[in-house]
Amino acid sequence: MPATSPTTPSADQLLVLLEVARSGRFTTAARSLGLTHTTVSRNISALERALGGRVLVRGSDGWALTALGERAARAAEGVAESLARLAGDEPADPVAGVVRMSTTDGFAAYVASPAVAALRQDHPELAVEIVTVTRQAAQHRSGVDIEVVVGEPAVNRGRALQLGEYELGLYASPGYLEHQDTPATIDEAVRHHRLVYFVDSMLQVDDLDLPRRLLPGMRDAVTSTNVFVHVEATRAGAGLGLLPCFMADRHPDLVRLLRAEIHQRLPYWAVVHPESWRRPAVAALVGALREQMAEQEDALLGR
């Protein structure tokens with residue numbers, strides 16, 4: 001058997017890259033493949049020498065593919081599929097395997113979770129990993145197949161689809177309003193109350209900054225990067241919360257205020273990376289997310 005050319009990557013190197021791309025981390029890829037961190041690193045270095053360029057760059061949440069890395073990952077997926085067919089391991093149901101997605105806390109809990117549960121009724125070999133983060137869509141693939149973000153994304157690579165919209169409103173707890181005057185105008189809310197919302201200095205999504213403009217100059221009471229903290233702080237009486245209606249309206253101890261004046265609709269978008277689109281499981285999950293958004297439209301829009 002002829003020796004492998006030094007400019008030709010090996011199948012092992014490609015499969016290691018594929019696992020790093022899926023997980024975003026060398027340590028996770030090593031665990032999944034039964035290798036050491038050093039062996040994974042050596043395979044990536046050897047692959048980069050063979051291809052003559054970088055295949056990975058360090059992103060904010062792990063390793064991400066470069067343009068060259070994306071081409072190599074597509075080739076790696078072909079290798080993995082061929083090996084699965086050769087071993088007879090290809091599942092009868094193509095909607096199978098692990099799909100990784102990132103999204104916001106509220107979407108993960110109330111839209112993605114029931115969507116995945118419904119999809120798995122028909123496709124029990126499907127597994128979905130959900131990472132919660134509030135950010136803009138990444139420009140490079142960063143270990144996930146689907147990113148769900150707030151606001152229309154600007155991405156160079158990948159396909160973006162709008163899933164639907166949700167509405168933010170201003171809420172307070174009845175206990176809070178027993179000790180504070182209920183604001184009748186925006187000016188009264190700004191002058192006499194404090195806000196529960198995102199940490200302004202850490203907010204990475206421009207669309208989520210828009211609702212603050214409805215309450216210009218309002219001082220903060222509690223701020224957090226987690227929307228569940230917003231809900232619970234408002235329920236506890238910390239201040240007036242700018243909350244997603246589909247989360248706040250689940251709680252009878254929250255009252256919506258100034259409905260006509262304070263309302264902001266924001267879109268959810270899904271970004272699917274090019275190499276992920278070919279996977280039936282990814283396409284099926286995107287479809288399930290859109291169906292779940294349509295089912296919950298009234299709740300999402302605060303009707």
Side-chain angles (χ1 to χ4, degrees), residues 18 21-24 61 73-74 77 80-81 84 89-138 141-153 155 157-168 205 207-208 226-228 244-250 265-303:
L18 183 60
R22 286 173 172 170
S23 66
D61 60 347
R74 284 196 292 273
E77 286 171 347
E81 290 168 4
D89 293 336
E90 188 174 25
D93 181 1
V95 181
V98 178
V99 176
R100 296 172 174 89
M101 67 177 291
S102 65
T103 185
T104 61
D105 301 298
F107 187 96
Y110 296 124
V111 179
S113 294
V116 171
L119 191 59
R120 289 197 70 258
Q121 293 292 320
D122 296 323
H123 307 286
E125 294 304 311
L126 174 69
V128 179
E129 295 179 358
I130 303 175
V131 178
T132 57
V133 61
T134 302
R135 67 176 185 190
Q136 295 177 328
R141 183 179 179 183
S142 54
V144 297
D145 300 296
I146 304 168
E147 292 180 272
V148 176
V149 297
V150 176
E152 184 173 0
V155 290
R157 291 188 293 273
R159 181 176 174 185
L161 307 91
Q162 186 171 349
L163 299 175
E165 292 183 315
Y166 73 100
E167 184 163 300
L168 284 175
V205 180
D207 284 54
L208 287 171
N226 188 314
V227 71
F228 282 99
C245 297
F246 71 93
M247 297 179 68
D249 291 343
R250 295 171 180 269
R265 288 194 179 180
L266 300 173
Y268 280 125
W269 284 74
V271 178
V272 183
H273 298 281
E275 59 272 23
S276 296
W277 261 122
R278 296 186 296 121
R279 293 185 57 201
V282 173
L285 180 54
V286 172
L289 294 174
R290 297 182 85 168
E291 288 176 12
Q292 191 62 220
M293 288 289 293
E295 274 185 35
Q296 296 194 43
E297 183 178 23
D298 286 345
L300 287 160
L301 298 180
R303 292 171 181 161

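Hydrogens, waters and symmetry mates are skipped; everything else that's a heavy atom, side chains included, is used.
- With a 4.5 Å cut-off on side-chain heavy atoms, V98 and V128 do not count as touching.
- Looking at heavy atoms from C-beta onward, T104 lies out of side-chain contact with V148 at the 4.5 angstrom threshold.
- Summarising the geometry of A109 relative to F228, their closest heavy-atom pair is CB-CZ, 3.5 Å, with the distance given to 0.1 Å.
- Contact record, G106 with F246: O-CE1, 3.8 Å, taken as the closest heavy-atom pair.
- The shortest side-chain heavy-atom distance between R250 and Y110 falls under the 4.5 Å cut-off.
- Contact record, L300 with E165: CB-O, 3.6 Å, taken as the closest heavy-atom pair.
- Side-chain atoms of R120 come within 3.5 Å of backbone N or O of L126 as a donor-acceptor pair.
- Within the model, atoms CH2 of W269 and CG of L163 stand 9.0 Å from one another, a figure rounded to the nearest 0.5 Å.
- Contact annotation: the side chain of L289 approaches that of F107 to within less than 4.5 Å [non-hydrogen atoms, C-beta and beyond].
- P244 is listed as a side-chain neighbour of V227, based on a closest heavy-atom distance under 4.5 Å.
- Under a 3.5 Å cut-off, the side chain of S113 and the backbone N or O of A108 do form a donor-acceptor pair.
- Interatomic distance, Q292 CD to L285 CG, rounded to the nearest 0.5 Å: 11.5 Å.
- Listed here is the closest heavy atom pair of A73 and L18: O-CD1, 4.1 Å.
- Among all heavy-atom pairs drawn from V95 and A284, the shortest one is CG1-CB, 3.9 Å.
- The side-chain heavy atoms of V131 and R100, taken from C-beta on, include no pair separated by under 4.5 Å.
- A distance of 9.5 Å separates SG of C245 from CZ of R265, quoted to the nearest 0.5 Å.
- When side chains are defined from C-beta on, V272 does not count as touching D145, because their heavy atoms never get closer than 4.5 Å.
- Note: R290 CZ to Q162 CD = 9.0 Å, rounded to the nearest 0.5 Å.
- Smallest separation of non-hydrogen atoms from I146 and A270: CG2-CB, 4.3 Å.
- Side-chain contact between L301 and Y166 is absent, with no heavy atoms from C-beta onward closer than 4.5 Å.
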